[in-house]
Amino acid sequence: MAVDDELTMRVIGRYQNQNIVNTLHYRVQAQSSSDLEILENFTDLWETELDAGWALVHSDAYTLIGLKAFGKTGTAKTPSAASIGTSGGVVGDGAPAFVCRTITLYTADDKHRRHGRLMLSGTPVTHLEAQDGSLTAAATALLDTFGDLLLPGFAGGGDEFVPGIPATLTDPWQDFTAHHPRETPSSITSRRVREFLIG
């Protein structure tokens, strides 16, 4: 079986009439499913393990539309898509769509630039301090909680998946080893597209 193959997951949301797409990469750590079925199991497990936590960090004006998964390296796999339709769990007004909260995801790589950023648009106003726009302690705690859910990956049906930074021509795959929420929100409009995600 194709252990160590890399997968791409697109998490597709909708907020203030804009599509919000996050791209995450996972490595197959163990595989029992066939290549025809593994990505379907992958999307099912992502929804089971992470959907509730994802909802809790978003405004109720945000909707998680669905997931799309593709093979990135290794043997050919049948792509998978899942419709979800879960709304965010924080009731209240939402900040403008370009304002997003950021979780920085670190690896053990010696190159300090080899890290990921999960940029969560769909920001509730209650997650921002009125005085300076920084994240509240409660918002930081929620991001930490979600980072704790995300970092270990997930497993089921004999398949195991771990998130990380994909391999390049010169650098190997790196699992994420730590996470940290950024204290100030980011602006999607001012940040260049990054390898790990678009938020």
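None of these values were measured; they are calculated from a predicted model.
- Within the structure, side chain to side chain donor-acceptor pair (under 3.5 Å) pairs that include any residue of residues 86-100 comprise D51-T86 (at least two apart or interchain).
- Legend: residues meeting side-chain hydrogen bond (donor to acceptor under 3.5 Å, both in side chains) with S59, ordered by chain and number and at least two apart, are absent.
- Side chain of T123 to main chain of V99: a donor-acceptor pair is present (N/O by atom type, distance under 3.5 Å, no hydrogens or angles).
- Judged purely by distance below 3.5 Å, without hydrogens or angles, the side chains of R10 and N22 never pair a donor atom with an acceptor atom.
- With rounding to the nearest 0.5 angstrom, the CG atom of L64 is 12.0 Å from the CD1 atom of I20.
- With hydrophobic clusters built from ILVMFWY side chains whose heavy atoms lie under 4.5 angstrom apart, L45 shares a cluster with V28.
- Every pair tested for salt bridge (charged side-chain N to carboxylate O under 4.0 Å, His left out) that includes a residue from residues 54-65 fails, sequence neighbours excluded, so the list is empty.
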Task: Derivation of the side chain to side chain contact (heavy atoms under 4.5 Å, CB included) call for E49 and L149 - done: CA-CA 8 Å; E49 298 295 328; L149 284 175; over 6 Å; no
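- Counting all heavy atoms, side chain and backbone alike, A30 lies closest to V3 at CA-CG2, 4.1 Å.
- Hydrophobic clustering (side-chain heavy atoms under 4.5 Å, transitive across Ile, Leu, Val, Met, Phe, Trp, Tyr) keeps V162 apart from I103.
- The hydrophobic clustering, which links ILVMFWY residues whose side-chain heavy atoms are closer than 4.5 Å, places V11 and I165 together.
- For the residue pair L150 and L24, the shortest heavy atom distance occurs at CD1-CD2, 4.0 Å.
- C100 and M119 make their closest contact through SG-CE, 3.6 Å (heavy atoms, listed as atom of the first residue, atom of the second, distance).
- Between R182 and L143, the closest side-chain pair of non-hydrogen atoms is not below 4.5 Å.
- In this structure D109 satisfies the side chain to side chain contact (heavy atoms under 4.5 Å, CB included) test together with T107, K111, R114, Q174, sequence neighbours excluded.
- Atom CG of L67 sits about 12.0 Å away from atom CG of L39, to the nearest 0.5 Å.
- Taken from CG in L36 to OG in S80, the straight-line distance is 12.0 Å, to the nearest 0.5 Å.
- In this structure, L56 has no side chain to side chain contact (heavy atoms under 4.5 Å, CB included) partners at least two apart in sequence or on a different chain.
- In the displayed structure, E47 atom CD is contacted under 6.0 Å by more than 12 heavy atoms of other residues, nucleotides or ligands.
- Under the ring pair (Phe, Tyr, Trp, His ring centres under 6.0 Å) criterion, H58 pairs with W54, Y62, not counting sequence neighbours.
- A distance-only check finds no donor-acceptor pair linking the side chain of T63 to the backbone of I65 [under 3.5 Å].
- E6 contributes no side-chain N or O that, together with a main-chain N or O of P166, makes up a donor-acceptor pair within less than 3.5 Å.
- Closest approach of L7 to G71, counting heavy atoms only: CD2-CA, 4.2 Å.
- Sorted by first and then second residue, the salt bridge (charged side-chain N to carboxylate O under 4.0 Å, His left out) pairs involving residues 64-88 (not counting sequence neighbours) are D5-K77.
- Side-chain contact check for L105 versus L151: some heavy-atom pair is nearer than 4.5 Å.
- We find the OG1-CD distance between T78 and E40 to be 9.5 Å, quoted to the nearest 0.5 Å.
- Side-chain contact check for N19 versus R14: some heavy-atom pair is nearer than 4.5 Å.
- Residues meeting the side-chain hydrogen bond (donor to acceptor under 3.5 Å, both in side chains) test with D144, sequence neighbours left out: none.
- Proximity of F154 to T48: side-chain heavy atoms (C-beta onward) are nowhere separated by under 4.5 Å.
- Here the straight-line distance linking atom CG of L118 with atom OG1 of T102 works out to 8.0 Å at 0.5 Å rounding.
- Minimum interatomic distance between W173 and Y26 (heavy atoms only, all atoms of both residues): CH2-C, 3.4 Å.
- Scored by the side chain to side chain contact (heavy atoms under 4.5 Å, CB included) test, D132 finds E129, S134 as partners (sequence neighbours excluded).
- With sequence neighbours excluded, the residues satisfying side chain to side chain contact (heavy atoms under 4.5 Å, CB included) with D159 are Q31, S32, S33, I38, N41, F161.
- Annotation for D148 and P152: closest pair O-CD, 3.1 Å, computed over non-hydrogen atoms.
- A donor-acceptor distance shorter than 3.5 angstrom exists from the side chain of R101 to the backbone of V57, with no hydrogens or angles considered.
- The environment of Q29 atom CD is dense: over 12 non-hydrogen atoms of other residues, nucleotides or ligands sit within 6.0 angstrom.
- Y15 is linked by a ring pair (Phe, Tyr, Trp, His ring centres under 6.0 Å) to nothing, counting only residues two or more places apart in sequence or in another chain.
- Identified under the salt bridge (charged side-chain N to carboxylate O under 4.0 Å, His left out) test for residues 20-30, with sequence neighbours left out: D4-R27, R27-D175.
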